[in-house]
Amino acid sequence: MSWVIEGETGAWELVCGLEIHAQVISKAKLFSGASTEFGAEPNTRVSPVDAGMPGMLPVLNMFCVEQAVRTGLGLRARINLFSVFERKNYFYPDLPNGYQISQYAHPIVGRGSVTIELSDGTTKEIGITRLHLEMDAGKSIHDRLPDATLIDLNRSGVALMEIVTEPDIRAPEEAVAFMRKLRAILRYLGTCDGNMEEGSLRCDANVSVRRVGSAELGTRTEIKNVNSMRFIARAIEYEARRQVEILESGGVVEQETRLFDDRRGVTRSMRTKEEAHDYRYFPDPDLLPLELDPAFVERIRASLPELPDEKKARFVREYGLSAYDAGVLVAEREVADWFEAAARGRDAKKVANWIITELFGALNRAGLDIGRCPIRPQQLGRLLDLVEEGKLSGRLAKDVFAVMFETGRDPDAIVEERGLVQVTDAAALEPIVERVVAENPRQVETYRKNPKVIGWFVGQVMKATRGKANPQLVQELLRKHLERA
Ligand code: ADP
Ligand code: MG
């Protein structure tokens, strides 16, 4: 995918790497037994460990470790059997310990990769540099009281996975495709719910630019907390263009942390970039290095679900779907399951088509996701059977579908009740065909010169039967009557 910024002095290329914080799905926090429930009363899900009380000792939650390993395997990454928790020291009111427990020199997961799919039909590998476990901080609330900041420690100590990518991203679209794919993988694995609005998936984008053809990396800025899929592309593109303008006018890009203002669509400076040594990382003396048994990792590997890429390949192979359709269907596990339930024993391509066009369209308009879809997979399957059996025309099937979506009822019941069964009986259609031909002598003349006009006649008969006639049969009958007319 080639995406360049045409400047005054030539073309520029984007270089971007992402740092993602994904909240681990776990009932308890990373180093305490306190609950991770979202939206609870402030400061009611806090153990003395999470509050940084002196003398309290962190105890590692092995379920969170399992989740990190599971995620690492899903990212086709190296699992490090030896990793170390370190203290990252900084002061902030919502960080009661004065340090965050994180991993630095020895993360639990090393290099991996994610395949992304782009709008031009190509795929690309984005390298994963590492994944490490760390605890979240509390939350500062600035907008409740006019002249005070409140602290909620419910989030303090919740397990996060920080996932860092290589600077492999070359277009804003690639960053979005990566985030979508990563979110799909995390959801399939059940290790993060991927909810960006609630902040359980957060993304910082590192952006630099360089002249097309240059192999060196430019100075980067880090855009913090770009918190919706919609804004990722906008923030990166804005920032890249800003840097090009600076460089072309002879300036230098400051290495700094910037914030994306989603209302104005711009990034603005927040602080100069901190360096690792500012944090004075050192191994946490309260925690032993984490050593994993290879059997522990293998057990997790054996329990992995089928992931989006594998599922997509299987849908292409088993059901003969196009790569595009398969990609759309596997983006969410629930959709993929729904498709398979409807497709069993049927023409899977047709089922896929109906889901992608009709069902997604209806869900979209109703603002529903597949989990709250009023139609069951078997019911859609049955509707397609009725078409296959010649009982419903394609047009009628769409009408029946609309009623099914509204009422959740079975297609057979709707067809019966509304008398929608397709008329395939020549004796019933003959008089209508005859009448349409008799009433339109001018069109019959035109038909003699141009046989394509038969389409117009078919349309008239369909109208007269309110779409219930079998179009093939109508065509046959018309031909007979038009020849005679
Ligand atoms: P830090 O620890 O200071 O945040 P890292 O070197 O770990 O820095 O890199 C963090 C992220 O920045 C990674 O995603 C990496 O791919 C990306 N990155 C590094 N250098 C550049 C660059 N010159 N341009 C764009 N992204 C970069
Ligand atoms: Mg960083």
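Remember, it's 1-based here, ligands and their atoms both numbered in the order they're listed. Atom set for the values below is all heavy atoms of this structure, side chains included, hydrogens, waters and symmetry mates excluded.
Taking a cut-off of under 4.0 Å to the non-hydrogen atoms of S208, the atoms of ligand 1 that pass are 22 (C), 23 (N), 24 (N), 25 (C). Atoms of ligand 1 found under 4.0 Å from any heavy atom of G17 (numbered from 1 in listed order, with element): 14 (O), 16 (O), 26 (N). Within the listing of ligand 1, atoms 13 (C), 14 (O) sit less than 4.0 angstrom from a heavy atom of V164. Of all atoms in ligand 1, listed by their number and element, those nearer than 4.0 Å to a heavy atom of L18 are 14 (O). Those atoms of ligand 1 with a heavy atom of E166 less than 4.0 angstrom away are 16 (O). The contact set between ligand 1 and V15, taken as ligand atoms under 4.0 Å from a residue heavy atom, comprises 24 (N), 25 (C).
Between T115 and T123, the closest heavy-atom pair is CG2-CB, 3.9 Å. The two residues G72 and L131 have their closest heavy-atom pair at N-CD1, 4.5 Å.
Residue nearest to atom 15 (C) of ligand 1, selected from T129, T165, N206: T165 (by heavy-atom distance). Here atom 6 (O) of ligand 1 lies nearest to R220 when heavy atoms of E19, R220, E222 are compared.
Aromatic pair F31/F85: centroids less than 6.0 angstrom apart. Annotation: F260 is in aromatic contact with F231 [ring centroid separation under 6.0 Å].
An N or O contact shorter than 3.5 Å links P167 to ligand 1 by distance. Checking only distances, T219 never comes within under 3.5 Å of ligand 1, N or O to N or O. Taking any N or O of G218, backbone or side chain, at least one lies under 3.5 Å from an N or O belonging to ligand 1.
Cation-pi geometry between R87 and Y99 is met: under 6.0 angstrom from the ring centre, within 45 degrees of the axis. A cation-pi arrangement is present between K88 and Y279, with the terminal nitrogen or guanidinium carbon under 6.0 Å from the aromatic centre and inside a 45° cone about the axis.
Residues satisfying the salt bridge (charged side-chain N to carboxylate O under 4.0 Å, His left out) test with E306, not counting sequence neighbours, are K311, R314.
Annotation: side chain of C203 is in contact with side chain of M179 (closest heavy-atom distance under 4.5 Å).
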